[in-house]
Amino acid sequence: MKKIIMVVLVISGLLIGSLSVAQAVPLAVKDKTYEGITLRYIAEAVPPTDAVLKLVPEFEKASGIKVEFEIYPYEYVIEKETTDLIGKTRIYDVMSVPYEHLGRYVEMGWCQPLEKFFENPQLKDPQFDWNDLIMTSVKLAGMWKDKLYGFPSNNCTHIVMYREDLMNNPIEKRSFKEKYGYELHYPSNLVQYKDQIEFFTRKKGEKLAGKILDRAFYGTALSAKRHPALYCEWMDFMFAFGGNLLDENGDPIVNSPENIEALEYYFSLFKYAPPGTKEYTWDEVSTIFQQDQAYMAVQWSDVAFGVEDPEKSKVAGKMRYGVVPRLVRPTSHYGPWSYLMPTASKHPEAAFLFIQWASSKEVQLKLAKMGMIAFRYSTYDNPEIKKMPILPDVVLALEVAQSRPRIPEWPEFSSSLILHLSEAITGEKTAKEALDVCQKDFERILRK
Amino acid sequence: MISIFKGLRGRGGNLRYLFHVPTLSFLFFITLIPFLYVINLSFRSYSFSIPGMTGQFIGLENFRRLLNEDPMFWHSISLTLVFTFLSVSIELGLGMGIANLLNQDIRGRRIFTTLFMIPMMISPIVVGLLWKFMLNPELGILMFFLKKFGFTLKEGLLSSGKTAFLTILFVDVWGWTPFVTLIILAGLQSMPKDPFEAARIAGANSLQIFFYIALPLIKPLIIIVVLLRSIDAFRVFDTIYILTGGGPGSATELGSIYGFRINFKFWDMGYGASYVLFLFLIVLIVTDLLFFFTQRKTYMSR
């Protein structure tokens with residue numbers, strides 16, 4: 001008798017439990033309060049956007065709200081959004097925006113905070129679970145001056161990708177230990193990072209993992225084109241050396257000793273990279289890895305998936321991923337896009353429901369199963385996710401993520417940074433000279 | 001009211017001015033009004049990025065900043081002038097030579113002419129992408145062939161300042177020599193045959209015929225071609241933006257690229273307007289000089 005009661009209790013407990021999970025929808029969605037509204041959402045042409053596009057019919061069915069996507073490449077998205085916001089044409093109800101523009105959008109009065117929507121009992125999702133959020137991500141991607149404006153729409157950050165098969169190869173391990181005096185394993189600091197890159201740079205005809213190379217193999221690949229990719233990559237090393245572009249008061253410290261050291265370290269890696277590396281962005285870096293020509297490099301967590309695609313990559317399954325090694329602190333250069341709601345959005349409540357839905361536990365988990373980077377701890381605890389490549393290593397990177405300045409002056413800053421770093425790479429300036437000029441530029445821009 | 005119409009019809013000649021109205025209003029709205037707007041903007045502080053800059057009048061501050069505090073201004077202008085001069089000269093020289101060749105009765109002339117016109121018909125962005133892929137040091141086809149013939153370059157052609165500039169020059173010449181050739185060929189083919197026959201009978205060789213007979217006859221065409229190509233070369237943007245983005249360093253930061261950066265990267269519209277006006281001024285001066293020198297020569301030859 002007792003057994004039967006136990007079983008009944010357990011089953012009913014499970015049923016009630018599953019019911020409460022199934023009913024984790026805001027009232028406004030259940031009642032289809034905003035049925036018939038069409039939202040316009042603009043986003044970057046990257047896999048995370050396509051993933052959300054695939055899942056959005058569920059949201060549309062549940063809430064009655066239609067969502068139309070406008071998808072463009074990176075810079076075109078910014079131009080279209082700026083045109084809409086400046087011209088006050090109120091085309092977009094939700095925008096995906098690179099997080100470094102958050103300060104600019106808020107200070108120009110272009111997007112609105114979300115707190116009041118979360119306080120609305122009709123709109124909020126009772127199962128949202130704020131404790132589950134990876135707060136570094138939410139703070140950097142969505143908060144400005146302590147107010148919440150959005151959540152990550154593409155939560156990518158920098159990681160290190162490397163050839164695990166080569167690192168574990170017994171022949172290589174033996175000769176590495178002979179040459180450098182310690183075991184070959186994931187670099188614990190930037191000195192070891194460079195040692196390994198140096199070690200694995202081989203000319204044509206030399207041996208790699210016991211086989212003779214028919215073309216050169218490179219320790220690393222760098223995205224050194226005159227392009228945002230340049231500062232994205234360098235800033236990882238800058239953060240790892242303990243440097244930064246602005247100090248706590250927001251004053252420029254571009255030519256600090258740590259930064260100069262980090263830049264000189266970055267330059268010292270060029271001899272271990274392919275000759276064309278000065279023309280590469282993150283895409284070409286991935287291509288070199290796909291062609292089995294490089295050992296270890298810094299890369300964006302979303303682009304990194306390209307090397308796992310067996311149809312395009314010769315090294316699918318041989319790669320592994322980690323956090324950028326420390327010299328002073330372990331780090332990752334954070335580079336997400338965020339959902340932001342324009343102040344002039346025609347349907348703010350419906351737009352909020354969409355943003356909340358995309359940030360919910362269920363949707364984040366589904367997105368992660370498609371290979372997207374989630375910003376909830378529960379996603380990474382899921383056993384299926386633990387078996388996937390890249391994702392289990394990314395959550396460590398997310399926790400130590402560092403952000404570039406998100407102030408309104410950033411567009412001009414970044415342009416100056418790209419230009420002078422590029423000049424230093426071609427040898428027109430030394431590391432110190434380049435950063436000195438940048439510092440003067442930053443000071444002038446802030447004074448304006 | 002009716003008397004006005006009667007008067008127009010009666011005069012007969014004045015009605016024609018009415019037909020100018022559509023064209024003039026088109027020109028007015030499409031060119032003059034935006035131009036006046038840009039002039040107005042250049043005197044203001046207006047940015048899509050910095051909250052405080054909402055269009056306040058600041059007089060000549062943008063121009064002062066451009067001329068006194070912006071080394072990139074001088075750098076981009078001088079690069080553009082050098083690029084324009086070199087590309088137009090090379091295209092003219094090559095174009096005239098090839099047009100002369102195509103003007104003669106050689107086998108396969110039609111087919112060769114058609115094939116030769118292809119680079120000109122490809123959109124600039126596609127041209128940029130095409131060459132970008134071909135020039136890729138590791139994966140591009142150009143490097144592959146160079147290696148086969150024994151030339152191994154230390155780094156890609158777009159990785160160093162000097163070679164990058166020469167490369168974009170080359171791509172422009174590749175793309176636009178056909179245009180120059182076409183125009184000059186049309187000119188050569190429409191020339192009267194008599195002077196040539198007379199010269200040949202008189203014993204002149206091909207080179208003399210070319211320099212003393214053909215050249216003076218097609219001079220008006222050459223002036224037009226140089227003018228058109230100069231204006232276009234001054235404005236070149238798409239191909240360079242895709243190939244180098246203005247880099248490496250600032251080796252290929254031509255006027256249009258820097259102008260684009262100011263307006264659509266810094267979002268500093270007021271400053272961008274003043275820069276663009278300067279570019280316009282320079283083009284105006286260059287074309288005026290061109291006309292001045294060539295018209296004078298024509299006078300003298302008369």
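Per chain, numbering begins at 1; letters A, B, ... match sequence-line order.
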Among A/I86, A/I407, A/T277, single out the residue with the greatest number of heavy-atom pairs under 4.5 Å to chain B.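 Top option by heavy-atom pairs under 4.5 Å: A/I86.
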
Would a distance-only check, ignoring hydrogens and angles, find a side-chain to backbone donor-acceptor pair under 3.5 Å from A/R226 to B/P248?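 No.
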
Just by modelled atom types, is the B/F266 backbone N or O under 3.5 Å from a matching donor or acceptor in the A/E412 side chain?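 Answer holds: no.
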
How close do [X] and [Y] get, heavy atom to heavy atom, and via which atoms?
X	Y	answer
A/P275	B/S159	O-OG, 4.2 Å
B/S49	A/P408	OG-O, 2.6 Å
A/E409	B/I50	CG-CD1, 3.5 Å

Region of [X] in contact with chain A, defined by heavy-atom distances below 4.5 Å:
X	value
B/M143	neither
B/T54	neither
B/L157	backbone
B/S47	backbone

Side chain, backbone, both or neither: which part of [X] has a heavy atom under 4.5 Å from chain B?
X	result
A/W410	neither
A/T287	side chain
A/S415	both

Distance, nearest 0.5 Å, that separates CD of A/E279 from OG1 of B/T244: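 OG1 of B/T244 is found 9.5 Å from CD of A/E279.
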
Counting only heavy atoms from other residues, nucleotides and ligands, does the tally under 6.0 Å from CG of B/N68 exceed 12?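 Atom CG in B/N68 is packed in, count exceeds 12.
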
What are the residues of residues 97-108 of chain A, in order of number, with any heavy atom under 4.5 angstrom from a heavy atom of chain B? A/R104, A/E107, A/M108

Enumerate by number any residue of residues 419-434 of chain A whose heavy atoms lie under 4.5 Å from heavy atoms of chain B; in the absence of such residues, state 'none'. A/L419, A/S422, A/E423, A/T426, A/E428

Could you tell me if the side chain of A/P411 sits less than 4.5 Å from the side chain of B/K265, heavy atoms only? no

Carefully, step by step, assess B/F48 and A/T83 under the rule side-chain contact (heavy atoms from CB on, under 4.5 Å). CA-CA 9 Å; B/F48 288 175; A/T83 322; over 6 Å; no

